[in-house]
Each structure stands twice: as C-alpha cells, then as structure tokens.
Amino acid sequence: MRISSGPMLKAENVHKSYGKTKVLKGISLEVQKGEVMCLLGPSGSGKSTFLRCINHLETINQGRIYVDGNLVGARLHKGRLYEQKEKEICLLRREIGMVFQHFNLFPHMTVLQNLIEGPVFVKKEDKDSAIDRARKLLDKVGLGKWESSYPKQLSGGQQQRVAIARSLAMDPKLMLFDEPTSALDPELVGEVLAVMKDLAGSGMTMVVVTHEIGFAKGVAHKVVLMDKGVVVETGTPGDIFDNPENERTRSFLANVGS
Ligand SMILES: Nc1ncnc2c1ncn2[C@@H]1O[C@H](COP(=O)(O)OP(=O)(O)OP(=O)(O)O)[C@@H](O)[C@H]1O
Ligand SMILES: [Mg+2]
C-alpha cells in the first residue's frame with residue numbers, strides 16, 4: 001500500500017459544465033488527513049456536483065483532483081494524461097465512502113446483508129470476518145439489535161445510520177456526505193449527526209455538505225462557502241461564522257439563520 005504524507009483530497013482549478021451550463025468554475029481546495037471539511041452554499045452552487053467529481057461519478061472538464069496523492073480519473077504516463085480504466089476507477093471508489101440524502105439501502109436485504117454485500121462481493125473478503133466487522137460497525141452506530149431487520153422496518157434516522165455503517169464496512173479513507181440529514185424528520189437529525197461526530201472523532205477524513213450549522217460549528221476543522229460554482233470563502237468555523245469577510249458568505253448565513 002502506498003503511504004503518502006500529503007493531503008487526503010486536493011482539488012486544483014476544477015471546472016465542470018453540463019452543455020453550456022458552467023457549474024464548477026475553478027474549485028481549488030485541500031482537505032488534510034483526519035480533517036473534517038463542511039461545504040456550505042446556496043442551492044445550485046455546485047456542492048453535489050463537486051462531491052460527485054471526487055469519486056469520478058462525473059468527469060471534470062478542466063483541472064485536477066487528487067485523492068491521497070492519486071489523480072482521479074486520469075493516469076500520468078511519461079508526462080501525458082490518459083483516462084483511467086474502469087478497473088482503476090473502481091479501486092478508487094472503494095476507498096471513498098459516499099452517503100447521500102436518500103439512503104439507497106438495498107431494500108430486499110437485511111441490515112447485516114446490506115453491510116456485508118460490498119466487502120464479500122466486491123472486495124472478496126471472507127464472509128465470516130465481514131459479518132464480524134459488520135456487527136461491530138452496527139454496534140458503533142447503535143443498531144446492533146437491528147441486523148436481521150429490513151430497511152423499511154427502520155426509521156429514516158436508523159436507515160441513514162445503516163447507510164453510514166455500510167460505507168464504513170468498505171474501510172474507506174475518505175467519506176463524502178451529501179446533505180445526509182436533510183430528508184429526515186427533525187427529531188431524527190440528532191442521532192445521525194451524533195454518529196458523524198463520533199466518526200470525525202475517530203480521525204476519519206470527511207467532506208460534508210450540510211445545512212446543519214451547529215454541526216459545522218462544532219465538528220468541522222474547515223468550512224468552505226461555495227456560490228455559483230466558485231469557492232467564496234474558506235476558514236475555520238470561527239472565521240466563517242463569527243467573522244465572515246465576504247458579503248456572499250454573510251448573506252448566505254443570514255438566510256440560513258445561523
Ligand atoms: N446532470 C446534470 N445535467 C445538467 N445540469 C446539472 C446536472 N447536475 C447538476 N446540474 C446543474 O448544476 C447546478 C449545480 O447543481 P448541484 O446539484 O451541484 O448544486 P447543489 O449546490 O448541490 O444544490 P442543492 O443545495 O440544491 O443540492 C444546478 O444548476 C443544476 O441544475
Ligand atoms: Mg446538492
């Protein structure tokens with residue numbers, strides 16, 4: 001395994017367009033290992049698109065993205081860039097967990113089966129050890145008793161915690177969250193944020209798109225404000241929430257009522 005000392009995520013001048021619509025217009029940022037970055041910004045500013053570019057669900061038009069020192073979607077050979085092969089892209093994706101607003105659990109599988117599916121069938125792990133690890137992860141997210149249930153028998157908050165555990169079962173080095181609590185009833189938000197806070201405390205590198213300002217204030221090391229496809233402002237939670245420099249940051253925060 002390659003061990004690199006640089007940032008876990010580095011984006012350099014990332015551009016992405018859909019037809020004539022320019023969605024990302026030169027995003028540059030860095031997330032160090034063990035760091036939690038919260039990505040904020042108005043609807044349509046390109047947050048989800050940027051997350052999808054990180055694990056190459058979208059191909060960027062310009063710029064470069066590195067995950068743990070490895071170029072995403074491209075391979076450098078003798079000074080020239082070549083498109084990565086499907087196999088290389090799959091290897092990259094295994095290392096990046098992604099949790100969406102809608103949990104996307106496999107509805108016909110039990111909670112435990114949801115967790116072992118990736119490790120056993122994608123990573124070819126031994127089934128017994130995958131089950132062992134899955135149970136530990138379920139305990140960690142407070143769902144040890146639910147391993148034989150089906151997703152539809154669980155609340156939204158519980159399903160999202162299963163989705164997080166399922167991502168962790170692949171042993172990722174980077175976790176991406178796209179508004180993981182915005183589809184939940186308000187009383188279920190806290191339990192999911194608590195699991196994410198624990199995960200951050202355990203040293204996981206995380207990029208979290210969220211409107212939960214309290215979470216960003218309490219857990220993020222770095223906060224990035226995006227608007228209209230550009231990074232408007234980057235700083236510590238203290239910088240961004242207590243002393244925002246940019247007018248667009250101020251008006252965004254006034255609108256979300258932080
Ligand atoms: N597949 C696509 N084809 C065309 N346009 C797209 C596509 N995906 C996103 N867009 C456009 O890109 C822009 C940014 O979308 P994106 O979903 O990244 O924003 P966002 O910041 O995540 O917004 P929200 O807070 O509403 O989730 C929007 O104008 C959207 O319509
Ligand atoms: Mg989005």
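These values consider heavy atoms only, across backbone and side chains, with no hydrogens, waters or symmetry-generated copies. Both ligands and their constituent atoms are indexed starting at 1 by order of listing.
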Completion exercise
for atom 21 (O) of ligand 1, nearest protein heavy atom and its distance come out as K47 NZ, 2.8 Å
Practice task
Please state which part of T49 comes within less than 4.0 Å of ligand 1, counting heavy atoms only: side chain, backbone, both or neither.
Solution key: both
Fill in the blank from the handout: At under 4.0 Å between heavy atoms, what of Q101 touches ligand 1? The answer is neither
Practice task
Step through the shown structure and confirm whether more than 12 heavy atoms of other residues, nucleotides or ligands are within 6.0 Å of CD on Q62.
Solution key: yes
Problem - Presence of N, O or S from S48 under 2.8 Å of the Mg ion (ligand 2) - result: yes
Handout entry: G46 N/O under 3.5 Å from ligand 1 N/O
Key = yes
Problem - Mode of M226 contact toward ligand 1 - side chain, backbone, both, neither (heavy atoms, under 4.0 Å) - result: neither
Handout entry: Minimum-distance protein heavy atom relative to atom 1 (N) of ligand 1
Key = Y18 CE2, 3.5 Å
Problem - Polar contact flag, side-chain donor to acceptor under 3.5 angstrom, S129-D132 - result: no
Exercise for the section: May I ask you to say whether E95 pairs ionically with K173, meaning some side-chain N is under 4.0 Å from a carboxylate O? Expected result: yes
Practice task
Would you give the length of the straight line joining atom CG of L138 to atom CZ of R166, rounded to the nearest 0.5 angstrom?
Solution key: 12.0 Å
Exercise for the section: Using a cut-off of 6.0 Å, state whether more than 12 heavy atoms not belonging to E12 lie near its atom CD. Expected result: yes
Practice task
Over all heavy atoms of both residues, which pair between S48 and D178 is shortest? Give the atoms and the distance, please.
Solution key: OG-OD2, 2.6 Å
Handout entry: Protein heavy-atom partner closest to atom 13 (C) of ligand 1 - residue, atom, separation in Å
Key = V23 CG1, 3.7 Å
Exercise for the section: Within a distance under 4.0 Å of any heavy atom of E179, pick out the atoms of ligand 1 and give their elements. Expected result: 25 (O), 27 (O)
Problem - Closest protein heavy atom (residue, atom, distance) for atom 29 (O) of ligand 1 - result: G44 O, 4.4 Å
Completion exercise
Counting from 1 in the order shown, the ligand 1 atoms closer than 4.0 Å to a non-hydrogen atom of R52 are 8 (N)
Problem - Distance (rounded to the nearest 0.5 Å) between H15 NE2 and K22 NZ - result: 8.5 Å
Exercise for the section: Please indicate whether K123 has more than 12 foreign heavy atoms, meaning atoms of other residues, nucleotides or ligands, lying under 6.0 Å from its NZ. Expected result: yes
Problem - From CE (M37) to CD (E30), nearest 0.5 Å - result: 8.5 Å
Handout entry: Within-cutoff protein neighbour (heavy atom, under 4.0 Å) for atom 26 (O) of ligand 1
Key = yes
Fill in the blank from the handout: In this structure, atom 17 (O) of ligand 1 is nearest to the protein heavy atom S48 CB, 3.8 Å
